[in-house]
K.L.:
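A single structure is presented below for examination.
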Number of protein chains: 2
Amino acid sequence: MARTTGSDGGRTEAAIREAAVDLFARRGYEAVTTRQIAAAVGVQAAALYRYFPTKEDLLFDLMRRHMEALIASWEAKRPDDPDPVARLSAFVDNHIRFHVERRHSTHVSNMELRSLSKERLSQVLRLRTAYEKELRAILRDGAESRRLTVDDVGLTAMAIIQMITGVIVWFRPGERLSVEEVARTYLAMTLRLTAAQEAREN
Amino acid sequence: MARTTGSDGGRTEAAIREAAVDLFARRGYEAVTTRQIAAAVGVQAAALYRYFPTKEDLLFDLMRRHMEALIASWEAKRPDDPDPVARLSAFVDNHIRFHVERRHSTHVSNMELRSLSKERLSQVLRLRTAYEKELRAILRDGAESRRLTVDDVGLTAMAIIQMITGVIVWFRPGERLSVEEVARTYLAMTLRLTAAQEAREN
DNA sequence: GAATTAAATGAACGCTTGTTTTATTAGCTG
DNA sequence: CAGCTAATAAAACAAGCGTTCATTTAATTC
């Protein structure tokens with residue numbers, strides 16, 4: 001056999017990405033074989049190499065897309081309001097919703113960094129740093145305007161990111177809590193953590 | 001050649017554990033080969049099998065020891081004081097110091113769970129749950145006595161654990177911040193996060 | 001409808017993997 | 001110093017790995 005009826009390159013490529021994210025997230029990049037990915041797609045392993053030069057290229061593609069989507073998501077929802085508390089709230093809300101919706105690719109992007117080559121690792125880390133910089137800027141503004149209590153901007157940014165990203169470890173949609181409840185509770189914790197002051201009319 | 005001069009089973013076994021933790025943490029369990037572990041010890045791969053039946057047994061041994069050491073550490077430092085704020089403070093302080101000191105085995109215990117067999121996974125998770133239960137009990141007591149503000153005990157426990165475990169991702173001893181400073185700042189954030197009320201003499 | 005391109009197969013390659021087997025030596029015991 | 005056991009080396013094992021290659025078929029183009 002060779003080309004199958006109804007086959008379409010675009011669909012196959014998308015199917016490879018989906019299968020790979022799912023398998024990498026569940027079993028880990030190193031533990032997943034190209035044959036397993038191919039089987040999930042319903043294709044032979046050799047077919048993967050029509051779309052991705054190597055297994056690592058596939059991993060990198062997934063990670064880069066994830067980070068770019070995260071940044072794009074924040075850019076779309078970043079409020080014009082300069083108020084640090086409003087911006088922090090929007091950041092936390094967007095972060096949680098995005099990560100809950102993309103548990104698998106988040107898992108891959110956070111856990112499989114060590115499987116990337118040096119150059120690709122730093123490419124992904126550059127995207128990640130750019131994103132985290134947004135949070136640090138909010139915290140710095142908030143600290144300067146005394147709307148937020150921040151002992152150390154870098155440390156607080158890391159603490160908040162770890163906390164709100166950690167939601168994907170235990171949260172399963174459709175169980176005890178809804179996304180709305182989780183987002184609300186995490187937001188409340190973040191605002192207490194930074195001792196956020198309500199905006200005052202004056 | 002065969003047995004080497006000065007060889008000692010006890011020392012070799014300890015060296016295998018050390019090398020394995022280090023390599024597993026840096027490159028991931030699946031990516032590390034038995035030959036790499038052996039090379040780090042200065043021994044042939046076959047020698048590992050005198051001490052650990054399989055590679056997975058070695059991983060499991062490291063994880064079980066890590067969790068047991070964590071629980072033992074908390075049991076040694078758990079205060080008699082029933083005050084929830086004092087207990088929460090002790091918990092956070094112990095957790096951070098323990099994890100900073102054992103970055104590598106923490107990494108392994110958190111990242112490589114999926115490489116364990118079903119039964120062993122649940123053994124490790126049982127230990128982890130027992131540890132987390134301590135935090136949940138503190139939060140519940142604190143909420144009931146109105147010393148702490150806790151919207152949801154389970155969710156808050158996860159948030160705090162993610163936050164204070166996350167320290168190992170970015171913290172490197174001997175850089176900008178000392179362990180003391182980090183522990184103090186994380187404690188302050190935790191107490192704000194739970195809106196902890198100072199103990200009052202009455 | 002012939003020629004071309006796109007999509008996929010199936011077999012194979014060279015290597016590496018975790019593990020086992022066998023043989024050999026070091027150090028201890030009596 | 002003979003005998004024993006613990007500790008290791010060395011070599012081999014079958015299985016599986018990522019990847020390549022020549023080939024075949026489906027769809028598209030002219």
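Throughout, a chain's letter reflects where its sequence line sits, starting with A, and its residues are numbered from 1. Values below: all heavy atoms of this structure, side chains included; hydrogens, waters and symmetry mates excluded.
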K.L.:
Rounded to the nearest angstrom, tell me the gap between atom CD1 in B/Ile16 and atom P in C/dT19.
P.N.:
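Roughly 13 Å, once rounded to whole Å.
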K.L.:
Rounded to the nearest Å, what distance is computed from the CZ atom of residue B/Arg11 to the P atom of nucleotide D/dA6?
P.N.:
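After rounding, the reported distance stands at 17 Å.
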K.L.:
Counting heavy atoms from C-beta on, name the nucleotide in D/dT19, C/dG18, C/dG10 closest to the side chain of A/Lys55.
P.N.:
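From the listed options, D/dT19 comes nearest.
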K.L.:
Can you tell me how far P of D/dT20 sits from CG of A/Leu48, to the nearest Å?
P.N.:
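Atom CG in A/Leu48 sits about 12 Å away from atom P in D/dT20.
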K.L.:
Does the distance from a Lys or Arg side-chain N to an Asp or Glu carboxylate O, for A/Asp141 and A/Arg87, drop under 4.0 Å?
P.N.:
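So A/Asp141 pairs with A/Arg87 through a salt bridge.
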K.L.:
Among the nucleotides D/dT8, D/dA11, D/dT19, which one has an atom lying closest to any side-chain atom of B/Tyr51?
P.N.:
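The closest nucleotide is D/dT8.
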K.L.:
To check you understand the geometry: which heavy-atom pair defines the closest contact between B/Ala47 and B/Val43, and what is its length?
P.N.:
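The pair with the smallest heavy-atom distance is CB-CG1, 3.7 Å.
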K.L.:
Consider the side chain of A/Arg50, meaning its heavy atoms from C-beta on, and name the nucleotide among C/dT20, D/dT19, C/dA6 that approaches it most closely.
P.N.:
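Selected nucleotide (nearest to the side chain): C/dA6.
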K.L.:
Regarding A/Val41, tell me which of base, sugar-phosphate or nothing describes its non-hydrogen contacts under 4.0 Å with the strands shown.
P.N.:
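If one applies the 4.0 Å heavy-atom cut-off, A/Val41 turns out to touch nothing in the nucleic acid.
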K.L.:
Out of C/dT9, C/dG18, D/dA11, which nucleotide sits closest to the side chain of A/Ala47?
P.N.:
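Between C/dT9, C/dG18, D/dA11, the one nearest the side chain of A/Ala47 would be C/dT9.
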K.L.:
On DNA chain C, compare the nucleotides closest to A/Ala46 and B/Val32; which residue's is nearer the 5' end?
P.N.:
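Result: A/Ala46.
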K.L.:
Round to the nearest Å and state the distance from B/Phe60 atom CZ to C/dG18 atom P.
P.N.:
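Value for this atom pair: 20 Å.
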K.L.:
Has the side chain of A/Arg35 got a donor or acceptor that lies under 3.5 Å from a partner of the other kind on the base of D/dG16?
P.N.:
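Flag unset: no donor-acceptor pair detected.
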K.L.:
Check the distance between D/dG18's C1' and B/Glu30's CD and give it to me in whole angstrom.
P.N.:
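It works out to 15 Å between those atoms.
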K.L.:
Considering only NZ, NE, NH1 and NH2 on the basic side and carboxylate oxygens on the acidic side, decide whether B/Asp57 and B/Arg120 come within less than 4.0 Å.
P.N.:
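Yes, this pair counts.
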K.L.:
So, does A/Thr12 get its side chain near the phosphate of C/dA8, meaning an N or O under 4.0 Å from OP1 or OP2?
P.N.:
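Yes, such a contact exists.
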K.L.:
Roughly how far, to the nearest 0.5 Å, is the CG atom of A/Leu139 from the CZ atom of A/Phe91?
P.N.:
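CG of A/Leu139 is found 8.5 Å from CZ of A/Phe91.
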K.L.:
Rounding to a whole Å, what distance do you find between B/Asp57:CG and C/dT20:P?
P.N.:
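For the pair B/Asp57 CG and C/dT20 P, the rounded distance is 11 Å.
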K.L.:
Please pick, from D/dG18, C/dA8, D/dA10, the nucleotide with the shortest atom-to-atom distance to any side-chain atom of B/Gln44.
P.N.:
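Nearest to the side-chain atoms of B/Gln44, counting from C-beta on, is D/dA10.
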K.L.:
Do the side chains of B/Glu144 and B/Arg140 get close enough for a salt bridge, i.e. N-O under 4.0 angstrom?
P.N.:
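Answer for the salt bridge query: no.
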K.L.:
Considering only side-chain heavy atoms of B/Thr33, which listed nucleotide, C/dG18, D/dA9, C/dG10, is closest?
P.N.:
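Of the options given, the side chain of B/Thr33 lies nearest C/dG18.
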K.L.:
OP1 or OP2 of C/dT21 sitting under 4.0 Å from any side-chain N/O of B/Tyr49?
P.N.:
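No, outside the criterion.
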